[in-house]
Amino acid sequence: MTVRTRVAPSPTGDPHVGTAYIALFNLAFARQHGGQFLLRIEDTDQVRSTSESEQAILDSLRWLGLEWDEGPDVGGPHGPYRQSERSAIYQEHVQILLERGHAFKCYRTPEELDQLRAAREAEGKQGALKPADLILPADEIARREAEGVPYVIRMNVPAEGVCVVNDLLRGDIELDWAQVDAQVLMKSDGLPTYHLANVVDDHLMEITHVIRGEEWINSAPKHKLLYEYFGWDMPQLCHMPLLRNPDKTKLSKRKNPTSIMFYERMGFMPEALLNYLGRMGWSMPDEREQFALTDMIANFDINRVSLGGPVFDMEKLRWLNSLWLRGLTPEQFCERFASWGLKPERMLAMVPHVQPRVEVFSDVAPLAGHFLAGLPALTAAQFEHKAYDEEKLLTTLQFGLWQLEAIRFWNRSEIETRLFALAEVLELKVRDFLFPFFIAIAGTSATISVLDSMVLLGPDMSRSRLRNAIEVLGGVGKKRVKKMEKDYQAAVAAIEAKLAEKAAAAE
């Protein structure tokens with residue numbers, strides 16, 4: 001048997017360090033067994049998936065030094081490697097499940113589903129919704145079918161009993177069928193959910209070992225059942241411990257930068273970040289801290305993975321990166337620094353904004369130094385402004401961050417449209433509104449347009465600098481953020497109304 005592993009990220013945002021972490025262990029396992037490693041793009045979420053995000057995934061994994069044997073850009077005998085290009089395959093396989101009685105068409109409306117869940121909760125029932133709860137009487141199904149009412153396809157699941165799932169690290173895991181819902185396999189738009197596409201693709205691509213995060217343990221019974229329904233052998237499952245924040249919560253962008261490209265933009269060496277991810281729950285036989293990918297592969301043993309949640313500590317990563325930097329010769333240091341900070345595509349994008357504002361070359365650094373910096377060293381005093389008190393300042397920055405997090409296509413027009421509409425809703429003059437953004441992004445207002453700075457810095461660094469500024473100002477606690485979220489929804493409704501008005505006027 002040839003060992004075949006895969007990583008299957010969704011192109012719906014910035015490429016996540018968790019994706020790199022799982023990709024690294026899949027690659028190391030495959031290489032250690034002389035096997036193959038695949039990259040598959042799970043882009044069935046057509047609303048949120050973008051080609052830009054897919055390209056960022058490819059670029060970031062390659063920047064780290066992770067290479068795949070088969071994938072959307074390199075091809076292979078088991079393609080296509082984008083789920084959006086495999087619709088006919090999923091349609092064929094869901095039909096097999098319907099014909100065998102393992103799945104059913106569900107005509108329940110969202111309102112009916114809410115009512116069913118509310119009724120169960122009122123009765124004190126804790127279990128998931130089952131086919132018996134969801135399947136309508138035959139005459140009602142016929143009526144809705146005749147009227148062309150939209151439906152989804154769900155899988156049949158046992159009402160009770162225990163499902164035993166074998167895990168490479170954990171042994172047999174027992175999971176209660178009562179807690180497993182009648183999973184949607186195909187949405188009303190004809191696109192599959194992750195659960196169907198994942199099983200079908202892993203089988204057809206001959207994946208032998210599925211190494212993924214432990215958040216998927218509760219989904220394992222559904223996947224095991226689908227393999228049984230199709231009559232296929234199930235790959236060996238291995239659920240890796242989740243990366244954690246220092247407070248042991250699941251790694252999140254609110255407490256730790258999670259975008260791979262943030263670390264590239266900060267100036268971390270890819271070897272160091274990969275080294276650090278390799279240390280997440282695993283160690284070399286000789287326990288040394290610093291090791292290259294080739295060392296990890298040569299010494300890799302999946303059984304050395306610790307199930308305790310590995311803590312992603314930025315200070316530890318910086319220390320490890322310093323070891324890699326000190327290992328460079330002066331010539332290598334100059335070369336690596338130039339390739340990071342002075343790469344032509346970044347310089348050429350920045351120069352048109354800087355060149356008209358300088359008189360001598362020594363003017364460049366004060367004006368554009370924030371492009372070569374990480375997170376600015378800020379103080380609360382820098383944000384003092386006549387238009388703001390503490391509450392309004394935090395609200396403006398947090399609302400602005402949420403607006404920027406909602407952007408799918410990062411460009412000046414989109415940034416300006418969203419932020420200027422927010423300024424109008426908050427009843428702030430644009431100049432006053434932008435002031436805290438200048439400080440958060442550049443550390444000063446004496447620089448190029450903050451909107452242009454955001455475009456040049458990219459979404460990862462721009463959002464991270466805003467989160468940093470919010471923390472410098474005292475942060476937004478759980479209680480405060482709930483109120484902010486409620487107020488923000490009202491602001492979003494007002495923003496959407498204003499944008500609709502402007503669009504109508506433009507027509």
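On a predicted model such as this, the values are computed, not experimentally measured, just so you know.
- Residue pairs meeting the ring-ring contact (aromatic ring centres under 6.0 Å, His included) criterion with at least one partner in residues 477-507, sequence neighbours excluded, are F399-Y488, W402-Y488.
- Evaluation of the ring pair (Phe, Tyr, Trp, His ring centres under 6.0 Å) rule for H209 yields F29 as partners, not counting sequence neighbours.
- Annotation: ring-ring contact (aromatic ring centres under 6.0 Å, His included) contacts involving residues 122-178, sequence neighbours excluded, comprise Y107-Y151.
- K482 places no side-chain N or O within donor-acceptor distance of the main-chain N or O of G477, the cut-off being under 3.5 Å.
- Under the 4.0 Å criterion applied to side-chain N and carboxylate O atoms, D201 and R86 are assigned as salt-bridge partners.
- Heavy-atom neighbours of E112 CD from other residues, nucleotides or ligands within 6.0 Å: above the threshold of 12.
- Side chain to side chain, D460 and S259 meet the donor-acceptor criterion of an N or O pair below 3.5 Å.
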Can D14 and T258 be said to form a side chain to side chain contact (heavy atoms under 4.5 Å, CB included), step by step?
CA-CA 8 Å; D14 302 335; T258 58; over 6 Å; no
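- The two atoms that bring V425 and A494 nearest to each other are CG2-CB, 3.8 Å, heavy atoms only.
- Of all heavy-atom pairs between Y263 and W63, the closest is C-CH2, 4.2 Å.
- Salt bridge absent: R212 and E42 never bring a charged side-chain N and a carboxylate O closer than 4.0 Å.
- Heavy atoms from other residues, nucleotides or ligands lying under 6.0 Å from NZ of K483 number 12 at most.
- Distance alone, capped at 3.5 Å, is enough to place a donor-acceptor pair between the R100 side chain and the Y229 backbone.
- Under 4.0 Å is where a charged nitrogen must lie from a carboxylate oxygen, and between R467 and E405 at least one such pair does.
- Contact of the I141 side chain with the I135 side chain is registered, since non-hydrogen atoms from C-beta on lie closer than 4.5 Å.
- A salt bridge links R117 with D114: the distance from a Lys NZ or Arg NE/NH1/NH2 to an Asp or Glu carboxylate oxygen falls below 4.0 Å.
- Applying the ring-ring contact (aromatic ring centres under 6.0 Å, His included) rule to pairs touching residues 122-145 yields nothing, sequence neighbours excluded.
- Remark: of the listed residues P72, P9, S10, P9 is the sole one forming a side-chain contact (heavy atoms from CB on, under 4.5 Å) with I57.
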List the steps and the verdict of side chain to side chain donor-acceptor pair (under 3.5 Å) for N411 and S413.
CA-CA 6 Å; N411 56 58; S413 175; 4.5 Å; no
Residue pair K316, R279: steps toward the side chain to side chain contact (heavy atoms under 4.5 Å, CB included) verdict
CA-CA 11 Å; K316 183 76 172 180; R279 294 184 66 260; 3.9 Å; yes
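- When all heavy atoms of G308 and P241 are compared, the closest pair comes out as O-CB, 3.9 Å.
- Closest approach of L24 to L274, counting heavy atoms only: CD2-O, 3.6 Å.
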Give the intermediate values and the outcome of side chain to side chain contact (heavy atoms under 4.5 Å, CB included) for residues R412 and D452.
CA-CA 7 Å; R412 194 186 195 284; D452 290 329; 2.7 Å; yes
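- Considering every non-hydrogen atom in both V165 and P221, the closest pair reads CG2-N, 4.2 Å.
- The neighbour count for Q46 CD, taken as heavy atoms of other residues, nucleotides or ligands under 6.0 Å away, is above 12.
- A donor-acceptor contact shorter than 3.5 Å links the side chain of D45 to the backbone of R48.
- Taking CZ of F409 as the start and OG of S51 as the end, the distance is 6.5 Å to the nearest 0.5 Å.
- The side-chain heavy atoms of F420 and I495, taken from C-beta on, include no pair separated by under 4.5 Å.
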Take E391 and R480 through the salt bridge (Lys or Arg N to Asp or Glu O under 4.0 Å) test and state the conclusion after the steps.
CA-CA 10 Å; E391 183 67 25; R480 197 175 198 177; 2.7 Å; yes
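- For residues 146-164, every residue pair satisfying the salt bridge (Lys or Arg N to Asp or Glu O under 4.0 Å) rule, not counting sequence neighbours, is listed here: R143-E147.
- If you check the side chains of H78 and R6, you find no donor sitting under 3.5 Å from an acceptor.
- Counting only heavy atoms from C-beta outward, the side chains of L225 and P158 approach each other to under 4.5 Å.
- Within the 3.5 Å criterion, the main-chain N or O of L242 finds a donor-acceptor partner in the side chain of E214.
- Listed here is the closest heavy atom pair of L61 and A20: CD2-CA, 4.1 Å.
- Between F230 and H93, a ring centre-to-centre spacing shorter than 6.0 Å is recorded.
- Rounding to the nearest 0.5 Å places OG of S306 at 11.0 Å from CE of M280.
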Decide yes or no on salt bridge (Lys or Arg N to Asp or Glu O under 4.0 Å) for E264 and R62, but give the supporting numbers first.
CA-CA 12 Å; E264 186 276 334; R62 282 226 168 85; over 6 Å; no
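- A donor-acceptor pair is defined here as one N or O able to donate and one able to accept, closer than 3.5 Å; no such pair exists between the side chain of S53 and the backbone of S49.
- Contact check on R40 versus D202 returns a salt bridge, with a Lys/Arg side-chain nitrogen under 4.0 Å from an Asp/Glu carboxylate oxygen.
- Within the 4.5 Å cutoff, the side chain of E70 has heavy atoms near those of the R4 side chain.
- Residue I22 holds its CD1 atom at 8.5 Å from CD1 of I211, rounded to the nearest 0.5 Å.
- Taking 4.5 Å as the limit, some side-chain heavy atom of T109 sits within range of a side-chain heavy atom of R144.
- No donor-acceptor contact under 3.5 angstrom links the side chains of Y388 and D432, judged on distance only.
- Ring orientation note: the planes of Y21 and F25 are nearly perpendicular, at an angle over 60° on the 30°/60° scale.
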Step by step, would you call L378 with F383 a side chain to side chain contact (heavy atoms under 4.5 Å, CB included)?
CA-CA 9 Å; L378 303 174; F383 290 90; 3.9 Å; yes
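- Without hydrogens or angle criteria, R170 side chain to L307 main chain gives no donor-acceptor distance under 3.5 Å.
- Applying the salt bridge (Lys or Arg N to Asp or Glu O under 4.0 Å) definition to pairs two or more places apart or across chains, those involving residues 221-235 are D181-K222.
- In this structure, W216 and Y194 have side chains that are in contact, with non-hydrogen atoms separated by less than 4.5 Å.
- Taken to the nearest 0.5 Å, the CH2 atom of W68 stands 5.5 Å off from the CG atom of D73.
- Here the CG-CG distance, from L168 to L237, works out to 9.5 Å after rounding to the nearest 0.5 Å.
- Counting heavy atoms from C-beta outward, L404 and W410 have side chains that approach closer than 4.5 Å.
- Taking the side chain as every heavy atom from C-beta outward, Q83 and Y90 approach each other to under 4.5 Å.
- In this pair, H385 and F435 present their aromatic rings tilted. The plane angle is within the 30 to 60° band.
- If you take CG on L191 and CG on L196, they are separated by 11.0 Å, rounding to the nearest 0.5 Å.
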